[in-house]
Amino acid sequence: MKLEGVELRRIRLSLVAPFETSFGVQTERDVLLVKAITSVGEGWGECVAGEEPTYSSEYVAGAQHVLIHHLLPRLLGQAQVDAEDVGRLLGAVHGHHMAKAALEMAVLDAQLRTRGESFAKYFGAVRPAVDCGVSVGIHKSISELLETVGDYLEQGYRRIKLKIKPGWDVEPVRAVRERFGDVPLQVDANTAYSLSDAAHLAELDEFSLLLIEQPLPEEQVLAHAELARSVRTPICLDESITSAQMAEDAIKLGACRIINIKPGRVGGYLEARRIHDLCAAQGVPVWMGGMLETGIGRAGNVAMAAMPNFTLPGDTSASDRYYHRDITQPFVLHDGRLNVPSGPGLGVDVDLDFLESITHWKQTVGDAKLSHAAS
Ligand code: OSB
Ligand code: MG
């Protein structure tokens, strides 16, 4: 198919509750959406970059800029672009994985909608619904944290992840264990520690956590391998794993026993699938991360989480954990699971009137601009 144009759009959506991590507090998302307009139909992509470059170096305004000035020109001139070509065509541009991922996703959605195939079928999904966990932010007090966790457990979430940072780690974990018993529990530090905290992090061992996610900075892969020798809890990497190559190296170094896969972080669903396959071959379990996605990103993530080696519950929570109103039909928790969409492409419909009402910027790039202006 030919990519005729792309509509870029920024929308603002408030979160139902502030979400605090070791890198800051988020109260809303400013989401960059990509609509691919192709010779055979349209498709949607969501860019997971945050407003500030605090989770990774990417940020939403930067993603918008690199798409317009560096990525789209490399695709719009091509006679033929399939999703499987996008990575290679954008290969000369270093980094900018979240921007590239959004574009590849939109092209893939258009391609699959056209041939009536779901993302799940394309990925080789093996289950009709996926087990869901929930990521719980840093709270002002232990009692408020326990209230939030209790509420999520009542809703049926199958695993709790607590965000931690120095000064908010052992005590909240102990309190959740004491109150809620042996519920599947893990923690995420978003790079907030250093190797000199190894003995402190080993204090978490007594709580039988599923994993400790990304305790050290992104670049410190070797230090994670050293840390792994002084804690019993499995180390899981998130921020450090930016590609299949990084995943292979980190596993070989002994830096992690589990990997969090986020398609945006690694440059798209096709690279994410390569990481899944590589980990499966190495006996390393993976789980689907989350970036507070709308229904568009969530649809793709839930489909991929149905692949065989996604054996731990993901951060694929229901729409109402994030937003009062989603931009697609909401994802609803049933017995702690979300159903995998089975319709063509992402298998969700975008509520265009609602989308317009929350759009704060929009631009169409490419020939499609002309055909649309004429229609
Ligand atoms: O590290 O997993 C993370 C949200 C934004 C940025 C980074 C992370 C997260 C989450 C939330 O933990 C996961 C979700 O529910 O989408
Ligand atoms: Mg994380």
Side-chain angles (χ1 to χ4, degrees), residues 13 15-31 46-60 63 97-98 101 130-139 148-149 152 155 157-165 168-169 185-193 209-218 224 234-242 250 256 258-266 272 286-302 304-305 312-323 326 330-331 333 336 338:
L13 267 180
L15 293 169
V16 296
F19 183 61
E20 182 169 346
T21 64
S22 58
F23 60 84
V25 187
Q26 230 177 317
T27 56
E28 60 168 29
R29 265 197 83 206
D30 177 343
V31 190
E46 172 171 347
C47 179
V48 299
E51 242 175 299
E52 290 200 276
T54 47
Y55 161 77
S56 73
S57 62
E58 287 189 86
Y59 62 105
V60 66
H97 287 183
M98 294 173 180
V130 298
D131 287 357
C132 297
V134 60
S135 176
V136 183
I138 291 163
H139 278 55
T148 300
V149 170
Y152 286 139
Q155 291 175 46
Y157 285 104
R158 289 171 176 263
R159 176 277 274 155
I160 298 292
K161 161 169 139 182
L162 301 182
K163 289 289 190 181
I164 59 167
K165 65 175 182 182
W168 181 267
D169 44 33
L185 186 63
Q186 63 193 51
V187 294
D188 184 3
N190 289 109
T191 76
Y193 294 87
L209 301 178
L210 291 166
L211 56 91
I212 303 178
E213 182 179 347
Q214 196 71 43
L216 311 179
E218 183 179 330
H224 278 101
I235 304 289
C236 168
L237 291 177
D238 172 354
E239 284 89 333
S240 294
I241 306 300
T242 53
C256 60
I258 299 171
I259 287 180
N260 162 325
I261 292 184
K262 290 178 183 171
R265 190 192 67 224
V266 304
V286 302
W287 55 281
M288 181 55 66
M291 293 291 285
L292 315 175
E293 286 88 348
T294 72
I296 293 178
R298 194 163 308 284
N301 289 352
V302 167
M304 176 158 274
L312 292 164
D315 281 347
T316 49
S317 308
S319 295
D320 70 0
R321 175 255 175 270
Y322 308 94
Y323 305 111
D326 208 332
F331 281 82
L333 207 62
L338 291 184

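Atoms within a ligand are numbered from 1 in the order they appear, just like the ligands themselves. Just so it is clear, the model here is predicted, and its values are computed rather than measured.
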Quiz item: Would Ile261 and Trp287 satisfy side chain to side chain contact (heavy atoms under 4.5 Å, CB included), going step by step from the backbone distance to the final call?
Solution: CA-CA 6 Å; Ile261 292 184; Trp287 55 281; over 6 Å; no
Any protein N/O atoms within less than 3.5 Å of an N/O atom in ligand 1? List the atom names and distances, or say none.
unit_1   : atom_1 : unit_2 : atom_2 : d
ligand 1 : 1 (O)  : Lys163 : NZ     : 3.0
ligand 1 : 1 (O)  : Asp188 : OD2    : 3.0
ligand 1 : 1 (O)  : Asn190 : ND2    : 2.7
ligand 1 : 1 (O)  : Asp238 : OD2    : 3.1
ligand 1 : 1 (O)  : Lys262 : NZ     : 3.4
ligand 1 : 2 (O)  : Lys161 : NZ     : 3.0
ligand 1 : 2 (O)  : Asp188 : OD2    : 3.4
ligand 1 : 2 (O)  : Lys262 : NZ     : 3.0
ligand 1 : 12 (O) : Ser135 : OG     : 2.9
ligand 1 : 12 (O) : Lys161 : NZ     : 3.3
ligand 1 : 12 (O) : Lys163 : NZ     : 3.0
ligand 1 : 15 (O) : Tyr322 : OH     : 2.6
ligand 1 : 16 (O) : Met291 : N      : 3.3
ligand 1 : 16 (O) : Leu292 : N      : 2.8
ligand 1 : 16 (O) : Tyr322 : OH     : 3.3

Practice problem: May I ask you to say whether Glu46 pairs ionically with Arg29, meaning some side-chain N is under 4.0 Å from a carboxylate O? | Solution: yes
Self-check item: Check ion pair Glu293-Lys262 (N to O, under 4.0 angstrom)
Solution: no
Practice problem: May I have the angle between Asp238 OD2 and Glu213 OE2 with its vertex at the Mg ion (ligand 2), rounded to 10°? | Solution: 90°
Quiz item: Do Thr242 and His97 have side-chain N/O donor and acceptor atoms under 3.5 Å apart?
Solution: no
Quiz item: Can we say Arg298 and Asp315 salt-bridge, meaning some charged N sits less than 4.0 Å from an Asp/Glu carboxylate O?
Solution: no
Quiz item: Out of Glu218, Lys165, Gln214, Lys163, which residue meets the side chain to side chain donor-acceptor pair (under 3.5 Å) rule with Asn190?
Solution: Lys163
Quiz item: Any N/O/S of Asp188 under 2.8 Å from the Mg ion (ligand 2)?
Solution: yes
Exercise. Establish, yes or no, whether the cationic atom of Arg321 lies under 6.0 Å from the six-membered ring centre of Phe19 and within 45° of the ring axis.
Key: yes
